[in-house]
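What you are looking at is a predicted structure, and each value in this text was computed from that prediction instead of being measured.
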Amino acid sequence: MQRNSMCPICFLRTLFTRPSKVGNVYPAAKYDDGKLTAPPMGWSSWNTFKNNIDEDMIYETAVAMKEKGLLAAGYDRVNMDDCWHSSLRDENGDLQGDLTRFRSGIGTLVDKINALGFKVGIYSSNGTLTCEDLPASLGNERRDAYTFAGWGIEFFKYDFCHNVPLPYYAPLVYGIELTPKGEKEGVFYPCTDARLDGLAKFMPCKKIATGRFVSGMDKCLGSMEYNNVYSENGGEYVLTLCCKKTNSPYEKLAAVFVNGDMHLVPVPPQKFWNVTSRFQTVVTLGKGINRIKIFNPVSSRADSAMLQYMTMGNALKEATARVAAETGKEEKPIVYSICEWGKNQPWKWGALAGNMWRTTGDIFPRWFRIKMIYDKTVGLYKYASAGAFNDPDMLEVGNGKLTKEQNKSHFALWCMMAAPLILGNDIRSIGDDVLAIVTNADLIAVDQDKLCRPAKRVGRGGVDVLARPLENGAAVCLFNRTGRRRKASVDVAALIKDGYAGIKSGEAYDCKEVYSGKTYPLGDKLCATLEGNGCEVFVLTSKK
C-alpha cells in the first residue's frame, strides 16, 4: 500500500487499524420496491444457444413458450443473454442490437414479445467488456440503464467479466467548491472548515492557497465532513473537489455523501505538471444547511463490487422513473440480477444492490455440478427474503445427459430454495417429459410462496432433508444424494422441534407428494422410497 502523502505515523497506524465496513458508513435501503413478491420465472438464451442468437429465434421461443403453456404456468420473462448487441455503440454512444442478427432493433423486438404477454430481459457486464468481449456498462451505467428502460426492458442480468475494481486510495483534498448548475461563481469551502475523523489528518503544503490538505482517507480509515454548507433555495449544484496533485501512477476515488446520497468521483493517475486539480460531480442540495462527507469507501474487493453494483441499481431506478415521466406511461420496474458468481459474498450485501445474486460460478448440465451449486446455496437460506433472492443460476432441466430423476430433483431443489426459475432449454423442441417437470403446479406454488423463505437443510447424509415454511403450511423434501435406490423417512416431531418450517404440534395437516400426486393426512413420519438421485417433496397444508 502506498503512503499517499499520509504522515508516517498515521501510515504505520493503518497496519493495525481495521477499516469500517462500507455498509456501516453507507446505510442504504433494500433495493426492492415491493413489487417483486416472488422469485422471477422465465427463460434465458445462454444455456443452450450461447452466442448464436438472433431476433427470429428469440421471438420464436416466446411464441413456443406461450403455445406450450409455460406463460400460463408463470414463466413470463424472455431474457436475452450475452451477444444480443453489436460491438459498435451507435453515433450517440448508446448500446445497440447486433446490426445483422437484431436488425429490426431491440425496442421493436421488445414490443412484439410484450404483445404476447411476456416481459423482456437483457444482459450486460459490470466491466469494460462483456464475457463475450462486447461493449459493457462499467462507467456507462446511467447511459445504458436509460437505453434499457427506453426499450421497455424489465429484467437485467449484470455479469462480472472484465471488471476493474475500484481503487482504495483517496484524493488529497484541500477544499470543495459548490456552484449552482449553469452558473460560473460558487462558494469555496476550505478543508479547514471540515471536521476530520479516523486517520484523516491535515498536512501542510505552502504551494496551495489553504496551506493545508487532508490525507488519511484511504480504505475507509478516515473522512472529512462539512456541516456548514448553506443553500438559499436548494437545487442542483456542481460540486468540485479541489485536490492536491501527486506524481502518482495509481488511481484514486472519493465517495461524496451529500445529505446521505452517494456520488463516486474517480481520480485518474496524475502527472505533476501542476500542484492542484479539480474533479466534479453534480449533487442536489437541500434548502438551508447541508452535510457533505468525503472519504474512500473501498477497503476490500467486496466493497468495490457492492458499490459498483449499487451504482447500476441506482441508475436503473433513475432510468425507469425518467422514462415514465417522459412518456407519460406507467413505470416499468427492472428486476436486477447480480451475477458476480459469489466471489464477494453477495448474499451479505446483495439486497442493498439488487433483487437476486448468483451464489456460485456458472451451472452446466452435469449432475456433480448441480449438486455442488445446491450444496453451496442451500446453506445461505437466512439471507433471502421477498424481493431479494439467492440465485443458484439457470435451470438445466432437460439439457445434457441428465436422467429423469436428476431432472426432477434439480427442479425440486431449486423450488425448495426459493430460487428464480429461469429455463435454459430450446423451448421450440422441449419434450413432454421435461415440460411436465417444469410445469408441476405444486412445485411452482412452493417456489412462488408469498413468504419467500428458502428451505433449511435439517438433515444431511446419504439423504438430505429440507424443510421450508409456506404461507399455509410447509414443504419437506427428501433428496437421495446417492446413485442407488434408498428408503428414507423423517420424524414429524423432529421437524416440529427444529421449528424453522413452522409445523405446529397438535395441528392437523393434509399431506401431498407433488410428483406422484398422492394425498393423505399427516402422520408421525414422512416416508419415501427414493430412486438413485431422486427426491420426493411433501406439501403440508394446514386444515385450520
Side-chain angles (χ1 to χ4, degrees), residues 39 342 345-348 350 356-361 363 367-385 388-393 395-397 405-421 442-443 445-449 451-471 473-484 486-504 509 511 513-515 522 525-540:
Q345 298 182 306
W347 44 89
K348 293 185 177 180
M356 48 194 275
W357 48 87
R358 279 277 296 280
T359 54
T360 68
I363 198 170
W367 185 236
F368 79 89
R369 180 59 176 163
I370 291 168
K371 287 204 297 182
M372 285 174 62
I373 292 175
Y374 152 72
D375 281 329
K376 176 65 175 181
T377 307
V378 73
L380 303 175
Y381 68 96
K382 293 180 180 179
Y383 295 99
S385 60
F389 303 104
N390 292 317
D391 177 16
D393 206 0
L395 291 163
E396 292 282 14
V397 179
E405 293 301 321
Q406 289 168 349
N407 281 324
K408 289 167 64 178
S409 292
H410 176 19
F411 187 68
L413 293 173
W414 263 231
C415 291
M416 288 295 294
M417 293 188 295
L421 301 180
D442 291 314
L443 278 173
V446 169
D447 180 78
Q448 298 287 292
D449 185 76
L451 293 185
C452 295
R453 294 180 64 189
K456 173 185 176 183
R457 181 158 53 184
V458 297
R460 62 186 304 169
V463 174
D464 280 359
V465 181
L466 309 181
R468 175 180 175 177
L470 302 178
E471 185 181 31
V476 180
C477 174
L478 301 180
F479 167 47
N480 183 3
R481 302 178 61 93
T482 74
R484 63 184 185 275
R486 296 187 64 149
K487 290 185 176 181
S489 65
V490 58
D491 290 330
V492 173
L495 298 173
I496 293 172
K497 183 178 180 181
D498 177 82
Y500 179 75
I503 304 170
K504 297 176 182 176
Y509 293 87
C511 181
E513 200 290 305
V514 298
Y515 278 128
L522 179 64
K525 287 180 179 287
L526 290 170
C527 301
T529 299
L530 305 172
E531 300 298 329
N533 303 317
C535 75
E536 290 193 9
V537 179
F538 303 90
V539 174
L540 314 182

F411 side, atom CZ; I370 side, atom CD1 - distance, nearest 0.5 Å: 13.0 Å

Just one of W347, Y383, W357, Y381 clears the side-chain hydrogen bond (donor to acceptor under 3.5 Å, both in side chains) bar with N390, so which one? W357

Working to the nearest 0.5 Å, report the span between OH of Y509 and CG of L540. 7.5 Å

Does the pair E405 and N480 meet the rule for a side-chain contact (heavy atoms from CB on, under 4.5 Å), with working shown? CA-CA 10 Å; E405 293 301 321; N480 183 3; over 6 Å; no

Non-hydrogen atoms of C511 and F538 that approach each other most closely: SG-CD2, 3.8 Å

Between T359 (side chain only) and T377 (backbone N and O only), is there a donor and an acceptor less than 3.5 Å apart? no

Separation between OG1 (T482) and CD (E531), nearest 0.5 Å, reads 10.5 Å

side-chain contact (heavy atoms from CB on, under 4.5 Å) for L443 and Y515? Distances and angles first, verdict last. CA-CA 9 Å; L443 278 173; Y515 278 128; 3.3 Å; yes

Write down the atom of A467, the atom of A501, and the distance for their closest heavy-atom approach. CB-CB, 3.9 Å

Smallest separation among heavy atoms of P346 and G342, with atom names: CD-CA, 3.6 Å

Indicate yes or no for a side-chain donor-acceptor contact from R358 to the backbone of T360 under 3.5 Å, with no hydrogens or angles considered. yes

Would you compute the distance between atom CG of L478 and atom SG of C527 and round it to the nearest 0.5 angstrom? 8.5 Å

Restricting to non-hydrogen atoms, name the atom on A455 and the atom on L466 that form the minimum distance, rounded to 0.1 Å. CB-CB, 4.0 Å

Less than 4.5 Å apart, any side-chain heavy atom of E536 and any of C477? no

From I363 atom CD1 to H410 atom NE2, the distance as rounded to the nearest 0.5 Å: 4.0 Å

Side-chain (R468) to main-chain (M417) donor-acceptor, under 3.5 angstrom: no

Mind telling me whether F479 and Y374 have parallel, tilted or perpendicular rings, with 30° and 60° as the class edges? perpendicular

Judged by atom type as modelled, is there a donor-acceptor pair below 3.5 Å linking the side chain of D498 to the main-chain atoms of Y500? yes

Which pair of heavy atoms, one from I373 and one from G361, lies closest together, and at what distance? CD1-O, 4.2 Å

Would you say that more than 12 heavy atoms from the other residues, nucleotides or ligands in this model lie under 6.0 Å from the NZ of K348, or not? no

What are the two closest non-hydrogen atoms of N407 and V397, and how far apart are they? OD1-CA, 3.4 Å

Can you tell whether the side chains of R481 and D375 come within less than 4.0 Å, N to carboxylate O? yes

Got a second to check how far D447's CG is from M416's CE, nearest 0.5 Å? 10.5 Å

